[in-house]
Each structure stands twice: as structure tokens, then as C-alpha cells.
Amino acid sequence: MTIISSILLGPALVVAVRSWWPSLFENAKEVAVLYDSEPALGFLFIAAPLMVAAGLPAWWVLGATVRWFDKRRDKDIGELARDAAAVVKDVRGGL
């Protein structure tokens, strides 16, 4: 799930950060050239951590799901469905 999140949301995050802070990517390219590397490597030094960070929300969703199931470990599938419906109803009522 985190890999899918990184693949789908990572490029969008890189584009957003690049449009918001373009000098960051240009400076990273210049630093890569100073170390006799390809300029694309400098871009990668900035883009890779952003793509990894885009997967973090998936970990939070997974953690919340595991905690939700852990609290209901003694219930059967019908009771779990009722609990899930109650949560959805509460969320809809709050909107």
C-alpha cells in the first residue's frame, strides 16, 4: 500500500515542491556538478526523499486499520460490519 501511495502521490508531490521551490532543485543540480556527477543525480537527491515521504500517509492508514481491528478482535464479521457502518454514519453526520 505504501509503494502504491509513493508511486501515485510521489510524482505529484515532486511537481508541487518543484513549482513552489524551484531553486532547491537547481541548487541540488549545481551541487551534483561540483562533485563531478550528472545534474540529474542532484535532482534525484531531492526527488527520492519526497517520493518516499509520499508513502507515509499509507502507513498511518494501515496503523489505524490494525488498531481498529485489534480493538475488535473478539467480534465476528457481522459485528465488525455494524461497527464499520457506525463509524461511517458518525463521519457523515459530522460533515
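Because the structure is predicted, anything quoted here is derived from the model rather than measured. One-based numbering along the sequence shown.
Heavy-atom minimum distance, Ala32 versus Gly42: CB-N, 3.5 Å. Between Leu9 and Ala54, the shortest heavy-atom distance links the atoms C-CB, 3.9 Å. Ser6 and Pro11 get closest at one heavy-atom pair: O-CD, 3.6 Å.
Using a distance-only test at 3.5 Å, with no hydrogens or angles considered, no donor-acceptor pair links the side chain of Thr2 to the main chain of Leu56.
Judged as a side-chain contact (heavy atoms from CB on, under 4.5 Å), and not counting sequence neighbours, the contacts of Glu30 are Asn27. A search for side-chain contact (heavy atoms from CB on, under 4.5 Å) contacts involving Leu41 returns Ser37, Leu44, Phe45, not counting sequence neighbours. Considering only residues two or more places apart in sequence or on other chains, Glu38 meets the side-chain contact (heavy atoms from CB on, under 4.5 Å) condition with none of them.
Taking a 4.5 Å side-chain heavy-atom cut-off between Ile, Leu, Val, Met, Phe, Trp and Tyr, the cluster of Ile3 extends to Ile7. The hydrophobic cluster around Trp20 extends to Leu13, Val14, Val17, Trp21, Leu24, Phe25, Phe43, Ile46, Leu50, Met51, counting ILVMFWY residues whose side-chain heavy atoms fall within less than 4.5 Å of a member.
Other residues, nucleotides and ligands contribute at most 12 non-hydrogen atoms within 6.0 Å of the CD1 atom of Ile4.
Listed by first and then second residue, the side-chain hydrogen bond (donor to acceptor under 3.5 Å, both in side chains) pairs that reach into residues 45-74 are Asp70-Arg73, Arg72-Asp83, sequence neighbours excluded.
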